[in-house]
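What you see is a predicted model; the values in this text were computed from it and never measured.
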Amino acid sequence: MRKMKDSSIAWIGAIPNEWSIQRVKHAFTRKNEKAMQEDPVILSLARSGVKIRDISTNEGQVAESYFNYNPVDVDDLLLNPMDLYSGANCSISKVTGVISPAYINLKSKEGINPAFYDYYFKVQYWMMAFFAHGKGVSFENRWTLNAETIMNYPIVSLPYNEQCRIADFLDAKCAKIDSIVEKQQQVIEKLIAYKQSVITETVTKGLNPDVPMKDSGVEWIGLMPASWKVAKLGSLFSFIGGYAYNSDVYVSESNNQVLRIGNVKNGQLLLDANPVYINDETAKQTEKFKMSPGCILFTMTGTKGKRDYFFTHLLDEKDCAELNLYLNQRVGCLLPTDGICTGYYNYLLKDNHILDSIFLYETGTANQGNLGIESIRRTKLQLPPYKEQCAIYEYLNKKCRTIESAVAKKQNILDKLTEYKKALIYEAVTGKLEV
């Protein structure tokens, strides 16, 4: 077993006796010149690596000019100094082009293998080591590592042939892990698609595949069981719109939480997503906007054209167990009339054909999309007999739980593989694992 010594750096711990600590500036040169090119290849740095951007689509941030962008060569090591919180965001470029000067572009000196240090820097992001040296307005808003700090950041120093050996070892090991992860992810995606197909088939056709069918007379509904009817959503539910709470009435903590757009997703109530609260007096004044189990929440505002809203969630006893929940503006609530099973309609309102009909009436500005309650109310949808609604709801609950359990097991495998990969890289780049 190799002899180890203290590196004097907390997150690194012990390193091999023959290794030492140096600074980034001793191993890399920062490339900070301007490309000054008429028609450059624009690059971006993503989690999956350095990519060529297609700026003709106008997606993402488009610069007026790329003259001041930084030239990138093959094997340059790029770091994102603005993304210190959400994960590893560094990579070696395998293509030439230009990239925003906001990124740090490092060119390796003689005797330095950039592939080894790419792995090394990924560990800095994962372990939040970079984060501790960042500065900015807030952790969530441009918490940034400046270039001077990066160039003086400590790195391990080891012989070039050992850098290469470790990088090759990690390339091979990580490729195998990534292959397994990809296969597991494909299984998860298939399970999720299967779950949606089961929901769609059941809420639109019922539980009996041999039942006689008829034309619903509505284009987006098509055929439906002969015993079913068609009704407007407004005749099946009454509607409550949210209250326009002023931010001045928010308090730091109470038992009264205001439900905002970000708290409602499909099948999820995200109470920890930027929660805001009101005091008991304000809650009493807005009592009519207090939510109870059994209603369907839905969001009414998002990004125009992207359909990233009209998420629905069936509020249950567990959601209301610890907090009083109050409805904010642009979050709606559907209250069922007699003979309506909210669980069935909570599933049905996620059907793409129904969503297509609802989003036909989207309004708003260039960036913000809105749905009005009147367009939602007049949407036509299926009306099975009440007992059949309940039977479908119970069936889908059981079926979806089974599928979700399978997804959770696969996700658990993915999580363990991800942690194993991170641990393997850490052990290798700090010399604790002898390669």
Side-chain donor/acceptor of [X] to backbone N/O of [Y], under 3.5 Å:
X      : Y      : result
Trp220 : Leu381 : no
Gln329 : Gly242 : no
Arg330 : Thr301 : no

### Ring geometry between Phe298 and Phe239 (parallel below 30°, tilted from 30 to 60°, perpendicular above 60°)
tilted
### Task
Run the salt-bridge test on Arg377 and Glu374 with the 4.0 Å N-O cut-off and return the result as yes or no.
yes
Going from [atom1] on [X] to [atom2] on [Y], what distance comes out if it is rounded to the nearest 0.5 angstrom?
X      : Y      : atom1 : atom2 : answer
Leu43  : Lys51  : CG    : NZ    : 11.5 Å
Leu325 : Leu259 : CG    : CG    : 4.5 Å
Lys409 : Leu191 : NZ    : CG    : 11.5 Å

Given the side-chain rings of [X] and [Y], with only the six-membered ring counted for Trp, is the space between their centroids under 6.0 Å?
X      : Y      : answer
Trp11  : Tyr120 : yes
Tyr245 : Phe289 : no
Tyr125 : Phe130 : yes
Phe28  : Tyr117 : yes

### Task
In sequence, state the C-alpha distance, the side-chain angles, and the governing distance for Val429 and Val156, and then conclude on side-chain contact (heavy atoms from CB on, under 4.5 Å).
CA-CA 8 Å; Val429 299; Val156 292; 5.7 Å; no
### Task
Apply side chain to side chain donor-acceptor pair (under 3.5 Å) to the pair Asn256 and Asp280, showing each step before the final yes or no.
CA-CA 7 Å; Asn256 311 307; Asp280 290 342; 2.9 Å; yes
